[in-house]
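Some notes on the structure that comes next.
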Amino acid sequence: MDLSDRRAEYTKHALDASDLAECPFAQFEKWFKEAEACELDEPNAFCLATADATGQPSTRIVLLKAFSAEGLVFYTNYESRKARELDANPQVSANFLWLPLQRQVNVTGTVERVSKAESLKYFLSRPFASQLGAWTSPQSKVIGSRQLLEAKLDQMKRKFADGKVPLPDHWGGYRIVPKAFEFWQGGASRLHDRFMYRWDESGNWSAPERLAP
Ligand SMILES: Cc1cc2nc3c(=O)[nH]c(=O)nc-3n(C[C@H](O)[C@H](O)[C@H](O)COP(=O)(O)O)c2cc1C
């Protein structure tokens with residue numbers, strides 16, 4: 001299949017140093033709100049890259065559930081492939097793609113587990129079916145059939161028939177503590193605008209630097 005004729009011009013917006021907030025979290029919040037406002041699907045979905053102990057990378061989409069100046073939080077199964085990789089190597093990269101705005105944000109950093117109390121608070125806010133899902137699915141493990149999964153779900157429905165589902169030990173959040181943020185805005189003739197903030201050794205965010213596209 002030849003895709004060489006597929007091309008789009010990126011001309012919707014431009015990004016200049018004077019448009020950027022001093023702090024990358026404030027800039028992220030501004031762009032996130034704009035992504036929400038344009039009603040694209042799942043503006044909080046991002047591609048999370050991890051790497052195993054040999055350096056082999058893997059990626060998957062997860063959902064951002066909170067962010068603040070402390071970092072970006074997502075929830076998952078602590079026995080999944082990503083979690084095993086994070087146990088061996090906490091370094092991650094995250095990519096948010098907001099195509100209708102012709103924007104992406106790249107974040108690199110390290111992860112830490114959020115507190116049990118924070119995971120519990122979020123878990124309790126989830127719908128009953130999602131809570132049961134966390135108990136049902138041995139995420140990333142090989143399973144014999146979908147029927148096995150459905151049988152396990154029925155078992156969990158009976159077990160927690162009173163509607164009170166406890167937080168599983170194998171489930172919770174990670175916080176990505178960023179070391180760098182890149183804000184990318186598509187531009188005409190492939191001359192995109194890119195700005196990088198870096199966390200420096202003195203414990204401050206650098207002023208954003210323009211990168212060549
Ligand atoms: C839109 C979307 C949102 C997702 N959100 C999550 C999530 O928040 N947490 C999660 O563990 N998996 C989420 N998944 C599933 C993951 O992409 C992935 O299949 C799963 O976490 C297993 O990944 P792993 O085997 O690399 O650990 C989502 C998938 C999609 C397409």
Side-chain angles (χ1 to χ4, degrees), residues 25 28-29 31-68 70-150 152-153 156 160 165-178:
F25 291 103
F28 184 80
E29 183 169 353
W31 270 24
F32 187 81
K33 285 183 173 158
E34 289 172 12
E36 271 190 313
C38 83
E39 292 181 7
L40 53 83
D41 281 347
E42 306 285 51
N44 58 329
F46 66 99
C47 181
L48 174 77
T50 54
D52 70 14
T54 71
Q56 171 66 54
S58 66
T59 61
R60 78 289 293 150
I61 303 295
V62 293
L63 295 176
L64 182 68
K65 286 292 166 181
F67 67 89
S68 69
E70 285 173 22
L72 290 79
V73 176
F74 65 93
Y75 289 88
T76 194
N77 184 309
Y78 284 148
E79 292 169 3
S80 62
R81 174 180 60 168
K82 74 181 86 49
R84 285 198 309 276
E85 294 189 359
L86 291 172
D87 288 343
N89 174 4
Q91 302 194 79
V92 293
S93 191
N95 178 272
F96 292 82
L97 175 63
W98 295 317
L99 259 190
L101 293 166
Q102 301 174 340
R103 287 177 178 167
Q104 60 172 329
V105 177
N106 287 304
V107 179
T108 51
T110 51
V111 290
E112 57 189 29
R113 289 190 183 193
V114 307
S115 70
K116 197 107 189 152
E118 198 173 338
S119 290
L120 177 65
K121 187 169 174 217
Y122 172 65
F123 187 78
L124 294 178
S125 77
R126 301 182 89 205
F128 181 59
S130 307
Q131 292 178 340
L132 292 183
W135 279 99
T136 301
S137 170
Q139 195 174 59
S140 315
K141 303 248 165 45
V142 174
I143 50 170
S145 69
R146 184 171 180 93
Q147 283 71 19
L148 285 176
L149 215 49
E150 284 167 3
K152 179 96 181 282
L153 180 61
M156 292 300 125
F160 301 118
V165 188
L167 173 69
D169 281 341
H170 63 259
W171 196 94
Y174 285 100
R175 177 175 289 102
I176 302 174
V177 180

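Both ligands and their constituent atoms are indexed starting at 1 by order of listing. Residue indices begin at 1 and follow the sequence shown.
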Requested in this report: Would you confirm whether the ring centroid of F160 sits within less than 6.0 angstrom of the ring centroid of W135?
Outcome: yes

Query raised in the report: In terms of heavy-atom contacts, does NZ of K116 have more than 12 from other residues, nucleotides or ligands at under 6.0 Å?
Result: yes

Report summary line: In short, E85 meets Q56 closest at the heavy-atom pair OE1-O, 4.5 Å

Enumerate donor-acceptor pairs with a distance under 3.5 Å from any side-chain N or O in residues 104-112 to protein atoms, sequence neighbours excluded.
residue : atom : partner : partner atom : Å
Q104    : OE1  : N95     : ND2          : 2.8
N106    : OD1  : N95     : ND2          : 2.6
N106    : ND2  : E182    : OE1          : 3.4

What are the distances between nitrogen or oxygen atoms of ligand 1 and protein nitrogen or oxygen atoms, counting only those under 3.5 Å?
residue  : atom   : partner : partner atom : Å
ligand 1 : 8 (O)  : L63     : N            : 3.0
ligand 1 : 9 (N)  : Y75     : O            : 2.9
ligand 1 : 11 (O) : T76     : OG1          : 2.6
ligand 1 : 11 (O) : Q139    : NE2          : 3.3
ligand 1 : 14 (N) : I61     : O            : 3.2
ligand 1 : 17 (O) : I61     : N            : 3.4
ligand 1 : 17 (O) : I61     : O            : 2.7
ligand 1 : 21 (O) : K82     : NZ           : 2.6
ligand 1 : 21 (O) : Q139    : NE2          : 3.1
ligand 1 : 23 (O) : K82     : NZ           : 3.3
ligand 1 : 25 (O) : S140    : OG           : 2.6
ligand 1 : 26 (O) : R60     : NE           : 2.8
ligand 1 : 26 (O) : R60     : NH2          : 2.9
ligand 1 : 26 (O) : R81     : NE           : 3.2
ligand 1 : 26 (O) : R81     : NH2          : 3.1
ligand 1 : 27 (O) : R81     : N            : 3.4
ligand 1 : 27 (O) : K82     : N            : 2.9
ligand 1 : 27 (O) : K82     : NZ           : 2.9
ligand 1 : 27 (O) : S140    : OG           : 3.3

Report summary line: Those residues at least two apart in sequence (or on a different chain) that pass ring pair (Phe, Tyr, Trp, His ring centres under 6.0 Å) with F32 are F67

Donor-acceptor list for residues 136-144 side chains, cut-off 3.5 Å, not counting sequence neighbours:
residue : atom : partner : partner atom : Å
T136    : OG1  : L132    : O            : 2.7
Q139    : OE1  : T76     : OG1          : 3.1
Q139    : OE1  : K82     : NZ           : 3.1
S140    : OG   : R81     : N            : 2.9

